[in-house]
Amino acid sequence: MQDVVELLGRNPFFAVLAPAHHAQIAPHFKRMEVAAGTDVVRQGEAGDSLYLVASGVIGIFVRDPRLGIVQHLSQIEAPDAFGEMALVDGSPRSATCTALEPSVVYRLGRDVFLAVANQVPAVALAIAKRLSERLDQMNAEREVAWVSLAGRPFDARLWAVAPEPLLRSGRMIPLEMNGRTLTIGMVDPQDVASLDQLKRVLPGFRFKIAAVSADDWQRHVDAGSGRRSIAPPSRAERVAVSFLEEDETRRQSGAAGGIGGQVVAAVDEIVGSGLALGASDIHVEQDRRGVLVRYRVDGALQQRAAGFFPVEMGKGIVSRLKLLARLDITETRKPQDGRISARVGQRMVDLRLSTMPAKLGEKCVMRVLDAEASVTDLKALFHVEKVRQLFSQMIFRPQGLVMITGPTGSGKTTTLYSALHARRRPELNIVTVEDPIEYHLDGITQIQVAGDQGATFATILRSLLRQDPDVIMVGEMRDHEAARVAVEASMTGHLVLTSVHTNGALDAVMRLSDLGVERYAIANGLVGVLHQRLVKRICQGCSEPFEYPEPILEMLYKVGALLPNEKPVLKRGKGCATCQGTGFKGRVAIYEMLVADDAVRDAITSGADLAALRKVASKGAMLELSRYAGIAVGTGLTVPGEILHLLQRVGG
């Protein structure tokens, strides 16, 4: 029981006692091993024991009896304890305590405690004193203190503990770290949603909240981080854009919008500025204050810094965009989809336009489709050479099924097109089936799905197999028939590349099974699965080594991003003109890879569930997302906050 004695010496309730008392109490604790996801105690149950945490993490959850909503309050680790009120008055459990990972706890029953207290009265006095202190602490924490940031030095190490976009959007700033207690200044202390996000990113911390003024927060953050809001590109920095059908649409825009030249100039600026910023999407929406333009850059939306266009230009801007996309400008009550072709320098860029009726007028969203910017060499996609080699081996196989998975906006299309680009040869017949066709690739036959005309993925694939294809790319697996035909094609001499929306590489196998594809067919056809996510990339122009707080390093080890004894040199982006002060420039992919070896195929054929399949794959057939993430942060591609946020979302 020496481990219990050592825990008692560090626990706040029992540390006040003499070592001799620890030795007397230790034998009365009962050891319990608790699996992840298992409740140790449940809210409302009788309180009859105290639990001492020896290892692992215990989450504290409270359910609102009227609403049925469960709130995650906090979590505790060794050497803390929970259930102490049960030792005093035996009151029902006020919360559910659940193991968030495999844990070991020691249980002390109330009956045993009372017997021990009779023999060692100092134990009861110590617990009563500690409970009183905890109540005082809780009362103090309920009163949110007001803090002035004037004269307070900006702590760059604390600012780096969480993703900057999260801190900025929630107007939060880490002020002080005392062990694993983090004091957070908030402009709105009642912003529970932002605080909950921060708690999920930093699950090992306790939080103390302080209030700060909005002006104080803005001055302190901007001055300390050196990162300002992104300024609008000057007219000289905007990309010169020329649209096809230019003369005709200019004339019609003037007639439809009523303020002709201003509308044309506005659309030129909207698109040109978006391309200059490297936006993946351009949002145009009508607001009571005017026409709001926002750009999605590196995954986050940012407002046009020059402000709103005048309200009266709203209809004209929408009409001009619809004319460029050859849509019906008189139809304003139904969604419409079209495509705008533009020339930027010596290259062509397409904009996929979607319009949607809204209360104050139609909203337009343009997806920027730039083949030259998106289709790239595999060496630029994979920053780990061994992973690139494995993926290359997959896509250069003469036959089989290679799947690219991930959520919307994770770069699956870029990876697929880059793989096709790598395979493109005059002696190969490469054909794609897409909905929609996003980029044009010379030397490849691209087929557009038209479901309303009977040209579905399945019907096109069946006909396509009579066209002597070598490589087939299926834009997305959507239904049983398409999945079945694609898997059969992968077993009959064709290499099939496809994408599917899943949360992990192994989930792709289950997705095919859910679509009704027989397990033996999946096992025989599957070559491998590449799952990917995107995180912000440190600007290479201002990248510098940076010393992060020790608890952040501990968390990277804990989630499996860093290996034991691994000592990486972590970095951050200081902020420069290239990245407009953000410290980030572009995004980088984080991968998870499954290689379908014999053991994996046997497990698939035998009908193994996800847990069993993961156990088999972990023996050498799978690169975990967390490990690739650790390599990315350890080689200076991104920051710990991005990785922790990513792994929290994946696990969430």
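Looking only at distances, no side-chain donor or acceptor of Arg519 sits under 3.5 Å from a matching main-chain atom of Ser513. Not one N or O on the side chain of Arg110 forms a donor-acceptor pair closer than 3.5 Å with the backbone of Gly47. Under a 3.5 Å cut-off, the side chain of Gln43 and the backbone N or O of Arg63 do form a donor-acceptor pair. Between the side chain of Glu592 and the backbone N or O of Ala505 there is at least one donor-acceptor pair closer than 3.5 Å. Remark: the backbone N or O of Pro407 is paired with a side-chain donor or acceptor of Lys412 at under 3.5 angstrom. Counting only distance, with no hydrogens or angles, the side chain of Glu45 and the backbone of Arg42 share a donor-acceptor pair below 3.5 Å.
For residues 1-19, the salt bridge (Lys or Arg N to Asp or Glu O under 4.0 Å) pairs, not counting sequence neighbours, are Glu6-Arg10. Residues in residues 28-38 take part in these salt bridge (Lys or Arg N to Asp or Glu O under 4.0 Å) pairs, two or more places apart or across chains: Arg31-Glu33. Within the structure, ring-ring contact (aromatic ring centres under 6.0 Å, His included) contacts touching residues 597-648 (residues at least two apart or in different chains) are Tyr591-Tyr628. Applying the ring-ring contact (aromatic ring centres under 6.0 Å, His included) test to pairs two or more places apart or on separate chains, none has a residue in residues 164-191.
Salt-bridge annotation for Asp609 and Lys615: absent, with no side-chain N of the basic residue lying under 4.0 Å from a carboxylate O of the acidic one. Between Asp39 and Arg93 there is no salt bridge, since no side-chain N of the basic residue sits under 4.0 Å from a carboxylate O of the acidic one.
Taking 4.5 Å as the limit, some side-chain heavy atom of Leu8 sits within range of a side-chain heavy atom of Phe29. Contact annotation: the side chain of Met555 never approaches that of Leu562 to less than 4.5 Å [non-hydrogen atoms, C-beta and beyond]. The side-chain heavy atoms of Phe154 and Leu149, taken from C-beta on, include no pair separated by under 4.5 Å. Side-chain contact check for Glu624 versus Arg614: some heavy-atom pair is nearer than 4.5 Å. Arg219 is listed as a side-chain neighbour of Asp216, based on a closest heavy-atom distance under 4.5 Å. Residues Val500 and Met403 have side chains in contact (heavy-atom distance under 4.5 Å, counting atoms from C-beta outward). Ile404 places a side-chain heavy atom less than 4.5 Å from the side chain of Phe391. With a 4.5 Å cut-off on side-chain heavy atoms, Leu556 and Leu644 count as touching.
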Contacts under 3.5 angstrom, residues 529-536 side chains, donor-acceptor by atom type, not counting sequence neighbours:
unit_1, atom_1, unit_2, atom_2, d
His531, ND1, Thr405, OG1, 2.7
His531, NE2, Arg533, NE, 3.1
Gln532, OE1, Thr415, OG1, 2.8
Gln532, NE2, Ser410, O, 2.8
Gln532, NE2, Gly411, O, 3.0
Gln532, NE2, Thr415, OG1, 3.3
Lys536, NZ, Asp298, O, 3.2

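Rounding to the nearest 0.5 angstrom, the gap separating the CD1 atom in Ile590 from the CD1 atom in Ile643 is 4.5 Å. From Leu52, atom CG reaches atom CD1 of Ile25 across 10.5 Å, with rounding to the nearest 0.5 Å. Taking CG from Asn503 and CZ from Arg511, the interatomic distance works out to 11.5 Å, rounded to the nearest 0.5 Å. To the nearest 0.5 Å, atom CD1 of residue Ile522 and atom CG of residue Leu401 are 9.0 Å apart. The line from SG of Cys539 to NZ of Lys574 is 12.5 Å long, rounded to the nearest 0.5 Å. Here CE of Met172 is found 4.5 Å from CG of Leu198. Values are rounded to the nearest 0.5 Å.
Minimum heavy-atom separation, Pro189 to Ile209: CB-CG2, 4.0 Å. The heavy-atom pair separating Phe382 from Arg388 by the smallest distance is CB-CB, 3.5 Å. The two residues Ile58 and Ala99 make their nearest non-hydrogen contact at CD1-CA, 3.9 Å. Nearest heavy atoms, Gly109 versus Ser49: CA-OG, 3.8 Å. In terms of heavy atoms, Leu175 sits closest to Ala210 at CD1-CB, 4.4 Å. Heavy atoms only, all atoms of each residue included: Ala78 and Ala54 are closest at CB-O, 3.3 Å.
Summarising the local packing, CD of Glu554 is surrounded by more than 12 heavy atoms from other residues, nucleotides or ligands at distances under 6.0 Å. Enclosure of atom OH in Tyr520 is not indicated, since only 12 or fewer non-hydrogen atoms of other residues, nucleotides or ligands lie within 6.0 angstrom. In the displayed structure, Asp598 atom CG is contacted under 6.0 Å by at most 12 heavy atoms of other residues, nucleotides or ligands.
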Take Leu647 and Ser626, measure what side-chain contact (heavy atoms from CB on, under 4.5 Å) needs, and give me the verdict at the end. CA-CA 7 Å; Leu647 297 178; Ser626 58; 4.0 Å; yes

After noting the C-alpha distance and the side-chain angles of Phe205 and Val161, does the key distance pass the side-chain contact (heavy atoms from CB on, under 4.5 Å) rule? CA-CA 11 Å; Phe205 286 86; Val161 302; over 6 Å; no

Arg601 vs Leu526, test: side-chain contact (heavy atoms from CB on, under 4.5 Å). Steps then yes/no. CA-CA 8 Å; Arg601 291 194 179 96; Leu526 187 64; 5.8 Å; no

Residues Val509, Leu610; criterion side-chain contact (heavy atoms from CB on, under 4.5 Å); working and verdict: CA-CA 9 Å; Val509 176; Leu610 188 60; over 6 Å; no

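Partners of Glu101 under the side chain to side chain contact (heavy atoms under 4.5 Å, CB included) rule, at least two apart in sequence or in another chain, are Val57, Ser103, Lys558.
Ring geometry, Tyr548 versus Phe546: the interplanar angle exceeds 60°, so the pair is classed perpendicular (tilted spans 30 to 60°).
Between Gln393 and Gln389, the side chains place no donor N or O within less than 3.5 Å of an acceptor N or O (distance only, hydrogens not considered).
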